[in-house]
Amino acid sequence: WARLNKMLLNLLKTVELVFHRPNINKDLLPAPIPDIKRVTSAKLLGVHFSSELRFTDHVSSVVSMCNQRLYLLTQLRRQGLSASARENVFQAIIVNRLMYALPVFYGSLSEKDKALINSIFIKAQRWKILINKCSDLETLADNAELRLFRQTLSNLHCLNHLYTPKQHVPGAMELRKRGHNFVLPTIKYDFNRRTLIARVRFYFRSLIGRLV
């Protein structure tokens with residue numbers, strides 16, 4: 001692909017990441033690509049991906065960064081920064097960092113990962129940084145996924161082709177309106193249900209008013 005598009009590939013900055021199930025036999029993995037290092041996790045566009053599609057490393061990195069920024073806010077509070085200003089700064093440097101690419105990995109988070117992120121909000125309230133607003137990870141993820149799903153409803157969106165519209169059968173019984181007119185996927189494994197495209201189709205199919 002790089003050669004066809006006349007791009008130089010820097011092998012020193014290139015790694016190979018093979019996604020697989022946790023209990024897969026290592027003999028089933030493809031042979032390594034010559035001159036390219038194979039890794040079990042890699043950072044792509046600010047998100048840490050692991051070979052098993054777990055985001056524990058990403059959550060640990062983000063929470064560590066947010067804890068450092070919480071400490072900065074405590075110093076600003078001691079310097080006399082007002083409560084409303086503290087919440088604005090909290091939204092800008094912490095909430096926005098937590099929400100970055102949140103719809104991508106939220107469905108794959110474990111309960112331990114979610115609790116670790118929610119500890120940021122608990123700590124912010126305990127340290128009197130977050131006073132009037134009561135936020136949590138689930139609310140942020142719900143709003144972010146709904147906003148993204150609205151955008152993907154446009155035919156011009158790059159993810160729209162992943163949806164399969166229902167075919168209208170002439171003379172068929174008119175059923176109640178749903179939040180969208182896409183076919184719900186047949187899912188065999190719970191892992192596939194947690195992916196973004198499958199999750200939003202199941203979750204938002206009844207939210208008619210919120211999709212207007």
Side-chain angles (χ1 to χ4, degrees), residues 41-50 52-154 157-160 162 179-180 191 193-207 209-212:
S41 64
K43 187 176 182 180
L44 178 62
L45 298 179
V47 179
H48 295 267
F49 290 87
S50 72
E52 299 175 0
L53 271 183
R54 294 176 179 174
F55 294 90
T56 302
D57 292 343
H58 179 72
V59 171
S60 299
S61 174
V62 171
V63 169
S64 176
M65 180 185 302
C66 290
N67 280 326
Q68 294 174 2
R69 296 178 180 182
L70 274 178
Y71 177 76
L72 171 63
L73 281 171
T74 60
Q75 301 306 306
L76 293 176
R77 178 172 62 86
R78 292 176 181 176
Q79 295 296 325
L81 189 66
S82 65
S84 60
R86 291 198 301 269
E87 289 189 350
N88 290 334
V89 177
F90 180 85
Q91 179 73 30
I93 68 175
I94 295 181
V95 175
N96 286 342
R97 184 64 188 90
L98 293 173
M99 291 189 65
Y100 176 74
L102 184 58
V104 174
F105 59 84
Y106 176 73
S108 300
L109 294 181
S110 64
E111 292 302 319
K112 182 179 179 181
D113 293 335
K114 294 178 182 179
L116 197 59
I117 296 177
N118 278 323
S119 67
I120 297 294
F121 298 100
I122 297 174
K123 192 178 298 183
Q125 292 173 348
R126 188 170 68 245
W127 290 357
K128 298 182 180 180
I129 295 173
L130 188 61
I131 300 176
N132 297 322
K133 298 179 182 178
C134 183
S135 301
D136 58 83
L137 178 63
E138 185 177 359
T139 302
L140 294 177
D142 186 17
N143 294 333
E145 289 181 348
L146 178 60
R147 183 164 57 250
L148 178 59
F149 185 60
R150 283 173 172 165
Q151 296 171 352
T152 60
L153 295 179
S154 170
H157 199 277
C158 61
L159 296 180
N160 183 264
L162 298 176
H180 61 76
F191 174 81
R193 184 183 292 273
R194 296 199 301 265
T195 60
L196 173 65
I197 300 301
R199 195 170 65 252
V200 294
R201 276 187 283 182
F202 279 102
Y203 187 58
F204 295 127
R205 69 182 186 276
S206 61
L207 303 180
R210 296 183 65 181
L211 296 177
V212 175

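For the atom pair CD1 (Ile129) and CG (Leu81), the distance works out to 10.0 Å, reported to the nearest 0.5 Å. A distance of 14.5 Å separates CE of Met99 from CD1 of Ile94, quoted to the nearest 0.5 Å. Atom CE of Met65 sits about 12.5 Å away from atom CG of Leu70, to the nearest 0.5 Å. For the atom pair Asn160 CG and Ser154 OG, the distance stands at 7.0 Å (nearest 0.5 Å). We find the NZ-CZ distance between Lys43 and Phe49 to be 12.0 Å, quoted to the nearest 0.5 Å.
Not counting sequence neighbours, Ser108 has no partner by the side-chain hydrogen bond (donor to acceptor under 3.5 Å, both in side chains) test. Under the side-chain hydrogen bond (donor to acceptor under 3.5 Å, both in side chains) criterion, Asn67 pairs with Lys123, sequence neighbours left out.
Remark: side-chain polar atoms of Arg86 are not paired, donor with acceptor, to backbone N or O of Leu73 under 3.5 angstrom. In this structure, Ser60 contributes its side chain and Thr56 its backbone to a donor-acceptor pair below 3.5 Å. Not one N or O on the side chain of Arg150 forms a donor-acceptor pair closer than 3.5 Å with the backbone of Glu145. Between the side chain of Ser61 and the backbone N or O of His58, no donor-acceptor pair lies under 3.5 Å. A donor-acceptor pair under 3.5 Å links the side-chain atoms of Arg69 to the main chain of Ile93, judged by distance alone.
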Under 3.5 Å donor-acceptor pairs involving side-chain atoms of residues 113-122, not counting sequence neighbours:
{"residue": "Asp113", "atom": "OD2", "partner": "Ser110", "partner atom": "N", "Å": "3.4"}
{"residue": "Asp113", "atom": "OD2", "partner": "Ser110", "partner atom": "OG", "Å": "3.1"}
{"residue": "Asn118", "atom": "OD1", "partner": "Leu137", "partner atom": "N", "Å": "2.8"}
{"residue": "Asn118", "atom": "ND2", "partner": "Lys114", "partner atom": "O", "Å": "3.3"}
{"residue": "Ser119", "atom": "OG", "partner": "Leu116", "partner atom": "O", "Å": "2.4"}

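The shortest non-hydrogen separation linking Ala101 to Val47 is CB-CG2, 3.7 Å.
Annotation: side chain of Leu45 is in contact with side chain of Tyr100 (closest heavy-atom distance under 4.5 Å). Residues Glu87 and Gln91 form no side-chain contact, since every pair of their non-hydrogen atoms from C-beta on lies 4.5 Å or further apart. Taking 4.5 Å as the limit, every side-chain heavy atom of Ser41 sits out of range of all side-chain heavy atoms of His48.
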Derivation and outcome, side chain to side chain contact (heavy atoms under 4.5 Å, CB included), residues Leu148 and Leu196: CA-CA 10 Å; Leu148 178 59; Leu196 173 65; 3.5 Å; yes

For Asp136 and Thr139, what are the C-alpha separation, side-chain angles and deciding distance, and is it a side chain to side chain donor-acceptor pair (under 3.5 Å)? CA-CA 6 Å; Asp136 58 83; Thr139 302; 3.0 Å; yes

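Using cut-offs of 30° and 60° on the angle between ring planes, the pair Phe55 and Phe105 is tilted.
Within a 6.0 Å radius of CD in Glu138, no more than 12 heavy atoms belonging to other residues, nucleotides or ligands are found.
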